Amino acid sequence: GAVVSQHPSRVICKSGTSVKIECRSLDFQATTMFWYRQFPKQSLMLMATSNEGSKATYEQGVEKDKFLINHASLTLSTLTVTSAHPEDSSFYICSASGGELTDTQYFGPGTRLTVL
Amino acid sequence: AQRVTQPEKLLSVFKGAPVELKCNYSYSGSPELFWYVQYSRQRLQLLLRHISRESIKGFTADLNKGETSFHLKKPFAQEEDSAMYYCALYGNKLVFGAGTILRVKS
């Protein structure tokens with residue numbers, strides 16, 4: 001149980017375009033979802049926390065107009081990177097918590113974004 | 001502020017040798033500490049949490065508040081333990097250490 005999926009697993013886009021990444025909890029209701037970013041050979045950095053039906057809470061230094069997060073249902077959160085630039089290229093990972101273990105986060109497999 | 005320090009980027013041991021992955025933390029409140037593991041080409045997954053006080057895959061970790069440490073230990077390393085290990089602290093959010101690559105050689 002407690003499986004989290006992400007789609008797509010890889011995306012390559014041109015500079016200036018927008019990219020949407022989906023995060024789904026497959027077998028539990030995720031009251032909270034988290035979005036992380038991981039640079040090569042570095043640790044995961046929390047970008048934002050989203051609760052179903054409310055606005056996301058962004059970490060300091062993360063532009064909310066750049067990284068749009070929507071958590072419309074208890075099983076789906078989306079991260080949209082707007083007007084992507086090469087410096088946005090990174091590995092984006094979502095996690096979800098909910099169900100019986102409300103304080104445990106279950107991680108998705110990640111999405112590799114490359115902006116040309 | 002929350003901070004997690006994993007001083008070793010890489011730890012290489014022989015099969016059957018003891019393993020200790022170091023983790024130190026900084027947090028003014030009462031922390032919840034976790035170890036996550038990421039095997040090659042797999043997603044990050046929870047290995048153990050200090051609250052549970054359990055042993056998973058032979059690994060244990062004891063929270064030492066005096067030394068602000070949560071080192072991960074296993075008495076006899078196995079090749080399948082080779083992975084990236086992250087120590088994480090939950091205060092008001094989950095903060096990860098930089099990670100330690102464990103390589104178990106045959």
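The model shown is predicted, which means the values in this text are computed figures rather than measured ones. First the proteins, then the strands, lettered A, B, ... as listed; each starts at 1.
With a 4.5 angstrom heavy-atom cutoff, A:F34 does not touch chain B via any of its atoms. For a residue to count as touching a neighbouring chain, one of its non-hydrogen atoms must lie under 4.5 Å from one of that chain's; by this rule B:L44 touches chain A with backbone and side chain alike. Proximity to chain A (any heavy atom under 4.5 Å) is shown, for B:L94, by both the backbone and the side chain. Heavy-atom distances place no part of B:Q6 under 4.5 Å from chain A, backbone and side chain included.
Dense packing is recorded around CE of B:M84, with more than 12 heavy atoms of other residues, nucleotides or ligands lying under 6.0 Å away. Other residues, nucleotides and ligands place no more than 12 heavy atoms under 6.0 Å from the NZ atom of A:K20. No more than 12 heavy atoms of other residues, nucleotides or ligands sit less than 6.0 Å from atom CZ of B:F14. Sparse packing is recorded around NZ of A:K64, with 12 or fewer heavy atoms of other residues, nucleotides or ligands lying under 6.0 Å away.
For the atom pair B:Q2 CD and A:L46 CG, the distance stands at 10.0 Å (nearest 0.5 Å).
Following chains of ILVMFWY side-chain contacts shorter than 4.5 Å, one cannot reach A:M33 starting from A:L74, and the two form parts of different hydrophobic clusters. Following chains of ILVMFWY side-chain contacts shorter than 4.5 Å, one can reach B:I101 starting from A:F91, so the two form part of one hydrophobic cluster. The same ILVMFWY cluster, assembled from side-chain heavy atoms under 4.5 Å apart, contains both B:L11 and B:F59.
Residues A:S43 and B:A98 come closest through the heavy atom pair CB-CA, 3.7 Å.
With B:R49 contributing its side chain and A:T104 its backbone, the two residues share no donor-acceptor pair below 3.5 Å.
Evaluated for a ring pair (Phe, Tyr, Trp, His ring centres under 6.0 Å) with A:F107, the options B:Y36, B:Y86, B:F34 yield exactly one hit, B:Y36.
Looking at B:R43 and A:Q6, their side chains never come closer than 4.5 Å, going by heavy atoms from C-beta outward.
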